[in-house]
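All values below were derived from every heavy atom in this structure, side-chain atoms included, with hydrogens, water molecules and symmetry-related copies excluded. This is a predicted model, so every value here is computed, not measured. Numbers restart at 1 for each chain; the letters A, B, ... are given by sequence-line order, proteins then strands.
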Amino acid sequence: MNDLKACIVQRDRTVLLECGHPGFEAAREKLNRFAELIKSPATFHTYRITPLSLWNAAALGYTSNEIADDLSSIAKWGVPAGLQQEIGELVSRYGKLKLQRYGDNGEALVLESTDRMILDEVLAVPAVASLQWTRLSPLEAKLHAAARGRLKQELMRHGYPVLDLAGYHEGQSLRLEWNSGIEGQEFALRSYQEDAVEAFEGVTGSGGSGVLVLPCGAGKTVIGLAALERQQCECLILTSNTTSVEQWIQELTNKTTLKSSEVGQYTGQKKEVKPVTVATYQILTHRRSKNDEFEHMKLFNERNWGLIIYDEVHLLPAPVFRATADIQATRRLGLTATLVREDGCEQDVFSLIGPKRYEMAWKELEADGWIAKVDCCEIRIPMDSDLREKYIYAEGKEKFRLAAENPAKTRIVMDLLNKHQSAGILVIGQYLDQLQAIAEAIGAPLISGKMPQQQRTALYASFKRGETPVLVVSKVANFAVDLPDASVAIEISGSFGSRQEEAQRLGRLLRPKSGDNQAYFYTLVSESSKEEEFAVRRQMFLIEQGYEYTIHSVKEARSGT
DNA sequence: AAACACGGAA
DNA sequence: TCAAATCCGTGTTT
């Protein structure tokens, strides 16, 4: 019995998961439903059950009983009594406050509670009390519909997520269908894409608001198109960069019956507002000068949008949250590979875009063959005595850079290139000097932000054909949507523990491979240095997704593999 | 018009 | 914590 229990569950809502344990996989899967990974050293992973992780679970339909059962099925020494209770209390908060429409004109809302004490308590919170309330009964209070977003945000901050049942306005209708493929080859959604869209639409099929979490390469754009096809309404699509804007437009016009005259681009170059409009986040947040207004936020109200799609929700900038608070009656679909934000605004995603409606673990897609298998390996490389000495006397931030630019890495890259004779190898790094040096040493072209777009495109194409087997790339790789997929990635340096960046880089390898469908991801780190710490942080998200990094230490500064 | 260069922003 | 990249607007050149 006990040999399947891989966890120690602690009173402070942290859970320690033993890595080598036979019950590891099963426990990880369960923990992912309602806990967040916060530390992942080699022997024990630490998870924390946070209010937000519980509410996201609750929104997916998990009950506190199911969570309690899951926990006790993995807890070696049982679940502390107080904790069981606390979880029950937290989970039950989701749904204790409900927001409903009041009257028929949509101008007012009513906040309802099953518990008078809770309603009294939240109405006493200053930021909530300052809204204009009319107490209708001990269990109901009325307010103006315009405050919907603000209210949800404030209540969430106070620890009470609201179940928003106030509904949506329909928006201008727009007819569109899937384009029928060649010779009756109907375009078909993959089964999980179908599931994701249905999760967004909800049981009533009336659509709603919320976030779908899917790995890179899972076809998030197609899911967005599907949501639009179901809703049949005018739609605003917000995304992170112009290449992505172009991609959306291409998919919209290729895969659906929408004509190019119905699809507009709203960016720095072109400001079209069409029945379907695709814009960058950046244009929305652009200001003439620092204290000016956001002049392009008016895009939210320029047409009667029935649906707003937020691509890459983890990058959504703060001012866009503020604008989103004002349009809570519009259906909202968030798409992302990770709910984790480096700025900690996960709560605002929950209250203003919506709760998580669907999540597919990366490993699950891998098992079904939709994405490649990836072997992740961290290689620890010693610093030679000169470098070590410099390192010891350096300041905090210099330390990181010295370790990251460890010249011994060049040798290891060469060894790895020898090992993988195949084409499709990316060397990815953070510092231009370092990348330059390595590019010269291995005789491969370096692509950085300085390189004109045309040259980049030419190199990407040559890489795709296999004529250029190895590319050295800087941070351009983080944004380049047109960079072809690779089968081996060697990360020689990375930014200060950005989990997203690591995920993005791994994402480059995920397109299914012919043959054994296997890809390789190496990350090179200087041994016993700050770089090691940050590598651990970077890897966390992927570990949560079920990837394991094997650690390989290099003995001498120059050694074979 | 389109291509390019620059500075500010986040 | 940094460095490097993007995007936007503006102004200049072809």
Side-chain angles (χ1 to χ4, degrees), chain A residues 238-248 265-272 278-299 311-312 314-323 341-345 391 394-406 426-439 446-457 459-460 471-483 491-502 504-505 508 525-526 529-538:
Chain A
L238 305 176
T239 189
S240 58
N241 59 56
T242 49
T243 325
S244 171
V245 168
E246 281 156 24
Q247 275 212 327
W248 272 97
Q265 173 184 358
Y266 195 96
T267 61
Q269 295 127 54
K270 255 190 211 170
K271 293 193 182 43
E272 305 164 332
V278 191
T280 57
Y281 287 126
Q282 229 154 344
I283 191 133
L284 292 178
T285 56
H286 186 268
R287 286 185 286 191
R288 253 158 229 281
S289 69
K290 215 168 181 171
N291 291 319
D292 271 350
E293 48 174 60
F294 300 103
E295 52 186 319
H296 296 293
M297 286 292 181
K298 64 181 189 315
L299 186 56
D311 196 11
E312 311 210 56
H314 59 286
L315 299 173
L316 198 150
V320 177
F321 277 124
R322 263 171 261 143
R341 293 179 59 102
E342 302 316 331
D343 67 358
C345 287
Y391 180 83
E395 290 294 317
K397 57 182 180 182
E398 278 170 68
K399 271 192 158 64
F400 183 78
R401 179 148 193 172
L402 281 169
E405 293 193 301
N406 185 351
L426 288 176
V427 178
I428 313 174
Q430 158 97 153
Y431 303 107
L432 293 178
D433 296 346
Q434 179 191 30
L435 287 164
Q436 184 78 57
I438 290 215
L446 164 64
I447 302 182
S448 79
K450 278 178 217 143
M451 183 180 273
Q453 205 65 51
Q454 282 197 334
Q455 270 183 65
R456 292 190 216 179
T457 315
L459 277 171
Y460 291 152
L471 277 185
V472 181
V473 292
S474 71
K475 278 187 115 157
V476 281
N478 289 7
F479 306 93
V481 188
D482 46 346
L483 172 58
E491 182 182 48
I492 55 169
S493 51
S495 59
F496 285 74
S498 163
R499 292 161 283 183
Q500 279 167 40
E501 187 177 86
E502 192 87 342
Q504 191 117 34
R505 289 175 171 181
R508 290 284 172 217
V525 219
S526 286
S529 75
K530 289 218 155 202
E531 209 187 4
E532 254 182 21
E533 293 166 37
F534 286 112
V536 167
R537 281 207 46 195
R538 283 208 300 269

In whole angstroms, the gap separating P of C:dC7 from CG of A:L238 amounts to 15 Å
Have a look at A:T242 and say if it touches a base, only the backbone sugar-phosphate, or nothing, with a 4.0 Å heavy-atom cut-off. sugar-phosphate
TODO: Determine yes or no for a side-chain-to-main-chain donor-acceptor pair under 3.5 angstrom, with A:Q504 supplying the side chain and A:N478 the backbone.
DONE: yes
Open item on the list: Does C:dT6 have its OP1 or OP2 closer than 4.0 Å to a side-chain nitrogen or oxygen of A:R456?
Closed with: yes
| said: If you compare every side-chain N and O of A:R287 against the phosphate oxygens of C:dG9 (OP1, OP2), does one of them come in below 4.0 Å? | reply: no
Rounded to whole Å, CD of A:E246 lies from C1' of C:dT6 at a distance of 14 Å
Tell me whether the count of non-hydrogen atoms from other residues, nucleotides or ligands lying under 6.0 Å of NZ in A:K298 goes above 12. yes
Testing C:dC2, C:dA4, B:dA9 for proximity to the side chain of A:Q430, the answer is C:dC2
When rounded to whole Å, the NE2 to C1' distance for the pair A:H286 and C:dT6 reads 13 Å
From CG of A:L446 across to P of C:dA4 the rounded distance in Å is 12 Å
Original post:
Contact class for A:T285 vs. all strands (heavy atom < 4.0 Å): base, sugar-phosphate, or nothing?
Top reply: nothing
Atom OH of A:Y281 and atom C1' of C:dC8 are separated, to the nearest Å, by 18 Å
### Residue-phosphate contact under 4.0 Å: A:S474 side-chain N/O, C:dA3 OP1/OP2
no
In whole angstroms, the gap separating P of C:dC8 from CG of A:L284 amounts to 10 Å
Testing B:dA9, C:dC2, C:dC8 for proximity to the side chain of A:K290, the answer is B:dA9
Whole-Å distance, A:F479 CZ to C:dA4 P, equals 13 Å
Exercise for the section: For A:R401 and A:Y431, indicate whether the former's side chain and the latter's backbone hold a donor-acceptor pair under 3.5 Å. Expected result: no
With under 30° as parallel and over 60° as perpendicular, where do the rings of A:Y266 and A:H296 fit, or are they tilted in between?
perpendicular
Per atom distances to the A:R401 side chain, the nearest of C:dA3, C:dC7, C:dA5 is C:dA3
The side-chain contact (heavy atoms from CB on, under 4.5 Å) partner of A:H314 among A:E342, A:Q500, A:R499 is A:Q500
### Query
Which part of the nucleic acid does A:G449 contact within heavy-atom distance under 4.0 Å: base, sugar-phosphate only, or nothing?
sugar-phosphate
Result for 5'-nearest mapping on DNA chain C, choosing between A:F496 and A:Y266, is A:F496
Which part of the nucleic acid, if any, lies within reach of A:R537 when heavy atoms closer than 4.0 Å are counted: base, sugar-phosphate only, or nothing?
nothing
